[in-house]
Each structure stands twice: as C-alpha cells, then as structure tokens.
Amino acid sequence: MWKVVWAALLLLATVCVQRGYTKEAKGAQSLGHVSVVIVGGTGDLAKKYLWQGFFHLYANQVSSGYSFSFYGGGLSPNDKATPILFDVLKGVVCPRELSVERCALVKEQFLRLAEYRQLNTSEDYQALGTHLTEQLRQEGIVEAGRLFYLSVPAFAYADIAEKINNSCRPTDGAWLRVVLEKPFGHDFSSAQLLSTQLGASLKDNEMYRIDHYLGKQVVSKILPFRRENSKHLDLIWNKHHIERVEIVLKETLDAKGRISFYEQYGVIRDVIQNHLTEVMTLLTMELPSNLSNTNEVLKNKLKIFSALQRLDRNCAAIGQYQAYNAEVQEELSKTREHFSLTPTFAGIMVHIDLAQYEGMPVILTSGKMLDERVGYARILFKNDIFCIQSYSSVHCKPKQIVFYFGHGTLQYPAILVSKNLFKPDLMDTEWKEVTEHKDVSVLGLPISDYYVLTPTVEREAYAELILHIFQGRKDSFISAENLLASWSFWTPLLQSLADTFPRLYPGGADNGNMLDFKQLGRKVTFANEALVMVTQDHIGGSGRESFQVMQGKYRSADMVSAWSKELIVRLAADLQVAAENAVRECGRFHLALSGGSSPLALFQRLARHHYSFPWRDTHVWMVDERCVPLTELDSNFRTLHDHLLQHVKMSYFNIHPMPVQMNQRLCVEEDSGALLYESEITQLVNASSFHFVLLGVGYDGHTASLFPGSKLDASGNSLVAFTESPAKPHQRMSLTLKAINQAQKVGVLVMGKSKHELVTQLSRVKDNPKHWPITGIRPTSGRLVWYIDYDALLG
Ligand code: BG6
C-alpha cells in the first residue's frame, strides 16, 4: 500500500517538473526563476559541501514561490562528468525537519532540476547564457536571478568573471550574484590586482567573497551574543578585565593531497589571515547600533584593522610537521635537497592600538597535525581573587567565555560562560541552554562550571551562507575593503617570515609541549627553548656561551666589543650607570636617542630588564627625525615609542619628540621647527650638554641625520638643523655635530656582519666629517665609546 502511495507521489512530482523548472510554487505567488551554476561543480568542495548546501536551499525555498534550476559546470566533457555529478547529487541528505516521504519527493525533483555543462571556452559560456534565457522564454517565467558559485582555483576567477559578464548576465531587472571562494590573493598586492581584475567584469554588489567561518553558527552569534549580554559585558570587555583573547583552530589532518595549494599558502594565509582574523574583528569591534546594517558592521570592522599594531617576525612562533617536506618533495616532484620553509603551525600575538584594548594580547593559533581537532575563541578574564584554601570553589576558577565552533571534547557548537562570570541572557529562539551534560572538561573547566548555550538545530556553515547569498544579505561576506585591510595587516609579517626556519614537530600527541609558546613583552617565543639551542649547536656550533666582553681602542677612542646580545646587555648597563650618576648629581638625566634598527634590541632590553632605571627623572630627546608625521612607522619617534617609551613609566613632559610637523606641514624652514627644538634644549639641558647621546652609523658613514656632503659647518653654532638624506624620506631634522660633541658621553652602536666592511674602512680613515660624518664626532670634554659587536668587528 505504502509503495503505491509513494509511486503516485513520485509520479505527481515528475509531472510537475518540466524541463527542469519546478511548478511546486504554483499555489504560491510566482517570484521568478533562479539559475544556480556551480563552476567546479564536481570538485572537492562542491562534493563535500556545496551541493548539500544548495539542496537545503532548494528544500527550504521550494514552496516559497521561486523556481530553480541547477548546473554543475566543469572542464570535463559532459559524458565523463555527468555520472560523477549525479553520484554526488544522489548522496545529498535532507534537512532533519523533512518527513521521509517529503524528502524523497524533494530530492527527486532536485535531481531532475540539475544538469552538468562543460564550461571551458567562451563559446561554452555563450551557449550557457543562451540556454538560460531560452529556457525562461519557453517556459514564460520571469527571471529572479543568476547565481554563479566559483569553486575553482583563484587564478581562474578573472577569466571566468569576464566570460560571465560577456555572455551570462541575467535578463533586465534580475540579479547576478557571483560567489568567490578564498584564497583571494596571496598578499596585499596580489589581492589588489585580483580585485581590480574582477572589478572590470563585476560590480562590487554582485560579488560574494565567502569565508565559511562567518557561516558557522557560533561565529555568526558573536555580535548578537555581545548585544544580548551587553549589560554584563559592557563593564568587562576591556583591557582592565580581559587577560587575553585566544582564537584557535587545531587540526589533526595533514596537508597531503593539497600540497600544490598549501605550499604556496601555509597556515597563515590558509586560515589565519581569513577565518581567525574575521573572528578577531567580531570579538573586538565596536558593536554596531544595528547588527544587520552591513555598512555599519563593515565600518566598525575596518576601524579594528586600522588599529592593529604592525607585526614582525618576533610576534610569531612558527612550526612545520616533520613529514611535510617529504610530502612536498613527492607531490611537487622536488629533489631530496629541496627544503620547504612553509609553516604548518603558527602562534601569533596581535595587539590593538585602542584605549579599550591597549596591552591586551590577542593570540591567533592554528596548525595541522596537532593532537585534536577543535576550534574556539576564548576570552580569558583576569581573576583578582587570591584563593587561600578551597581552590576548587567556583570563584577561584578561571573566568572565561568560550565561543566553541565545534569538534573537540564537546563535539557540538556552543557558547560557554563560566559560572563565576554571569548567567547569559538568551533572547533567540534558535538557541537553547544545555543543562544535561556528559562528563567533559572544556579548556580547564568541567562543563558543569559553565552556562552552556547551543543552537536548537545544528546547521552547516556553507548551507547558512548559501541561504544568505540567495537572500542577498551581504553582512556575512568579505567586502573588498575588508579584504585589502586584512592583507595589508598580514603582508609585513608574511614577508618578514619568508626566510625563517619553522620549528619541526613530529605530529599528533608526540608534539608534547614542543609547540607551547610564551609571551615575552611584545615578543612570542617557543616556551621550550632548549630545543632551539640544540638545533643551533647542531648547525653552527658557535660557542656563544664562551663569550667575553672585550675592551679596547677604536679610532683612538674607547671600544667595547662582544657578541650582540652581551653587547646590548653591557650598553644598557652603562646607560643605567650614567643615568643614576646624573640623577644623583643634578636630579635628572638627559638622554638623546637615535633611530635605525640597531638600537631596537637596546630599547627592548631597557624596557624589559631595567626596572630600576630612573625613568621618572629621565628626559628623552631625539638625535634625529624623519620629516614624516610622528605616528608613521617610518618615524624615529614612533619606533622609540613602540619599543621603549610605551613600556616604561615616565612623565609625558619629559619626552621631547622633534617638531617636524608644524602648521599641518612637514619640516618647512619658515615654521622654525629646528629653532624651537634648539630652544627647548637650551632651556632644559644644562649648558646644552646631554648626559648621553646614542648614535649609530650608516653604510655611507652618516651618523644622526648628518650625511656625506651635507654642509655640516653651515649650521655654525646651531644645535639643530634641517638636513637632506639621499634615501627616502629625504628631509630630516638632526642634532648638529656641535650639539653632539657637547655631550658628556657619546656611544656609537654598530652591529651586524653587514657593517664589517664599514668598520674596517673607518678604522683606516682620518677625521673627515665631510665624507665620513661619523668621524666628526669628537666630544669636546666628554667621552666617546664605540660599542661594536663581534659580527661587525670580525666579519
Ligand atoms: C579551510 C582551509 O579554509 O578551512 C583548510 O583551507 C582547513 O585547510 C579548513 O582545514 C578548516 O575549516 P573547518 O570548518 O573544518 O574548521
């Protein structure tokens, strides 16, 4: 009996489906026809997620008044690819809410509505365009829109977009939506190029750049959760209460089978630049007043991007699973000598330059071949309660909110709020509170210590996003500006890591604690340093342990030499002694510091190890400055600020940046910036004699911003002058030789093998400040000391 009813139903469905266009919408008002084309329709992503997602869309919308047709496009000819496509389509499963009978009917319809088309040449796209229009005409149906999903390598995007633009645009009044999968570029410039190329064929509102993390239920709940719980969160969502934010994606899989992709991208480009960065912006952006206002969401996201502090290689710890290199050799047919530096693991520390989050680390971590598959974002709050006895009582435990994307011990997506924080409000019927738990722990706390919220029905990220595309909702997609802002943040780090050796790790549980990393000020290093030492010894056997600090003479002045690390330790100690003496004798210490890369290690040493340095009585002056706004990364003051000043406790009144920007312009003689700085020196520094001036020396022999050929004498008696650099930015402001030579102590710091040639040459030349400005440094009554590391001295 059942079979008869069933056959009748199928028959009915078959009759209703004509030339692929469902008529089930008959009862409802017809809203028009939607053609869906998945380019790359038999590829991995399409097989795994896309067809399933479009089937759900169909099942949910079939009675809504829209009619549909589906095309799987690919390079293979029809006879080869059609059976493959139908094997995939047969495997799609119905949404849980459909009855078995309804499921069979809808699936049958879906299969009839789908077909494979070879999409290779311009003619193929022309034929598709003609077919789509002709079908509509024959059926007499109005067109609602055309959706192209490009599930193909990014290098093919521009070409396909052009073909769609030329021959597949919909009829008047209907929409065109083209979905693009990541990667969108490889770095800032390639993303920009791709954006320009796509812009030639498609309008911005036609492009949907997908990041499937934005379709994950927990991720898309971050902003609503923050809004629903703002009465609790407003007070604590800041640096005073948050210890750190961790955004983590751990995977157990390797990259086998997709090495040709992975080798070009690595973990940062593959998941951190996109998925984890998007989560970071959702967690830290200002809450938009209207969460569904796409423009406002985007605007607030962009504010976070522009406040992110620039990253360099010190902000990341990277690793590579041991088998990766062999996989590269095999899949890319490389020789046994080939060595890949692509990271498969990265732990990165990010800081946000906003008063709300200043100093609060955001840690982004991901890796292949780790011990478990899990993804989460954890907000760990400071716990200011000092527990004396009953450590297991709830107020002694970590306070945290965990946005748990899925997998791991919990196995389902959830938002967890530790009970010692607050009971979260739930204003969304699509979410529920879980009160019955299996016995698991999540991030150090038994599940019973959390309030747990989870979606009432679990939905797949792609299915969610496909629905949004169909609805024309752009708030969960990546805009061009968002994309470029993200690449402009990540590109400098990627560049600085390009030649860094990742730490090798065995994979899985054997990794032990090898990949644990720690924060050291603004730096991130692996916690287990012993391994690094073994590797270094193995490679070079440099014997650094047996260092000595050497004292001697250089250019008839005093010289201190050591390996770079010890040299910096020594220079920092000398500075502290000079500071303490000066404060003892005259109540303050006037220190003039220069730019360049050599003093960075010194700044960091002073910031992290010299807690007893008399900063409160120290005045910091600049030796020289580039004519750029002080907030620019190029500015010497900005470097000094980022590496030293912001880490020490000193009065703002004692910090003396050079006034290179006056009257909204840079270094204009008439604005008298140099004179102004000079008079500040004269007023505050006794006899205009700094206690300590720290200098560097450039490859051309320049020091401060006094370059070969500058008319050094022209500044006569002045202490500060405008000068010209042969390198950009050309305009500079600098202390003059006179100002420097009046100092009580001048230290010249020279480091690195690349300075060896210069050190040798300088040791031979006579004083000739015109050609070698550094040779003009001859303190009149003070002392000159050269601090030269062994690399620079010995080569
Ligand atoms: C993809 C990456 O974007 O995200 C994969 O290319 C990664 O390398 C995947 O495995 C992780 O997504 P999910 O949804 O499994 O966490």
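Heavy-atom basis, side chains included; hydrogens, waters and symmetry copies ignored. Counting starts at 1 for both ligands and their atoms, following the listed order. Throughout, residue positions are numbered sequentially from 1 according to the sequence presented.
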- Within a distance under 4.0 Å of any heavy atom of Asp270, pick out the atoms of ligand 1 and give their elements. 2 (C), 5 (C), 6 (O), 8 (O)
- Distance to 0.1 Å, residue and atom name: give those for the protein heavy atom nearest to atom 12 (O) of ligand 1. His212 NE2, 3.2 Å
- Message: Tell me whether Arg503 contacts the main-chain N or O of Met514 through its side chain, where contact means a donor paired with an acceptor under 3.5 Å.
- Response: yes
- Using heavy atoms and a threshold below 4.0 Å, how should the contact between Glu181 and ligand 1 be classified: side chain, backbone, both, or neither? neither
- Note on the structure: For His275, the atoms of ligand 1 under 4.0 Å from one of its heavy atoms are 1 (C), 3 (O), 4 (O)
- For ligand 1, which atoms sit closer than 4.0 Å to a heavy atom of Lys216? 13 (P), 14 (O), 16 (O)
- Message: Treating Thr277 as the side-chain partner and Ile272 as the backbone partner, does any N or O pair qualify as donor plus acceptor under 3.5 Å?
- Response: yes
- Query: What part of Tyr213, side chain from CB on, backbone N/CA/C/O, both or neither, has a heavy atom under 4.0 Å from ligand 1?
  - Reply: side chain
- Query: Within a strict 4.5 Å, meaning less than it, do heavy atoms of the Thr456 and Thr429 side chains meet?
  - Reply: no
- Message: Show me which atoms of ligand 1 lie under 4.0 Å from any heavy atom of Lys182.
- Response: 1 (C), 2 (C), 3 (O), 6 (O)
- Message: Is the ring pair Tyr149/Tyr462 parallel, tilted or perpendicular, if the boundaries are 30 and 60 degrees?
- Response: tilted
- Query: Can you tell which part of Arg373 has a heavy atom less than 4.0 Å from ligand 1: side chain, backbone, both or neither?
  - Reply: side chain
- Item | Min heavy-atom dist His407 to ligand 1 below 4.0 Å | no
- Please determine if Lys216 forms a cation-pi arrangement with Tyr213, meaning its NZ or CZ atom is less than 6.0 Å from the six-membered ring centre and no more than 45° off the ring axis. yes
- For the residue pair His212 and Tyr49, categorise the inter-ring angle as parallel (less than 30°), tilted (30 to 60°) or perpendicular (more than 60°). parallel
- Please confirm whether Phe261 comes under 4.0 Å of ligand 1, counting heavy atoms of the residue only. no
- Query: Under 3.5 Å between some N or O of ligand 1 and some N or O of Glu251?
  - Reply: yes
- Straight-line distance of Leu202 CG to Phe148 CZ, nearest 0.5 Å: 10.0 Å
- Would a distance-only check, ignoring hydrogens and angles, find a side-chain to backbone donor-acceptor pair under 3.5 Å from Gln320 to Thr342? yes
- Note on the structure: Lys368 heavy atoms within 4.0 Å reach ligand 1 at atoms 5 (C), 7 (C), 8 (O), 10 (O)
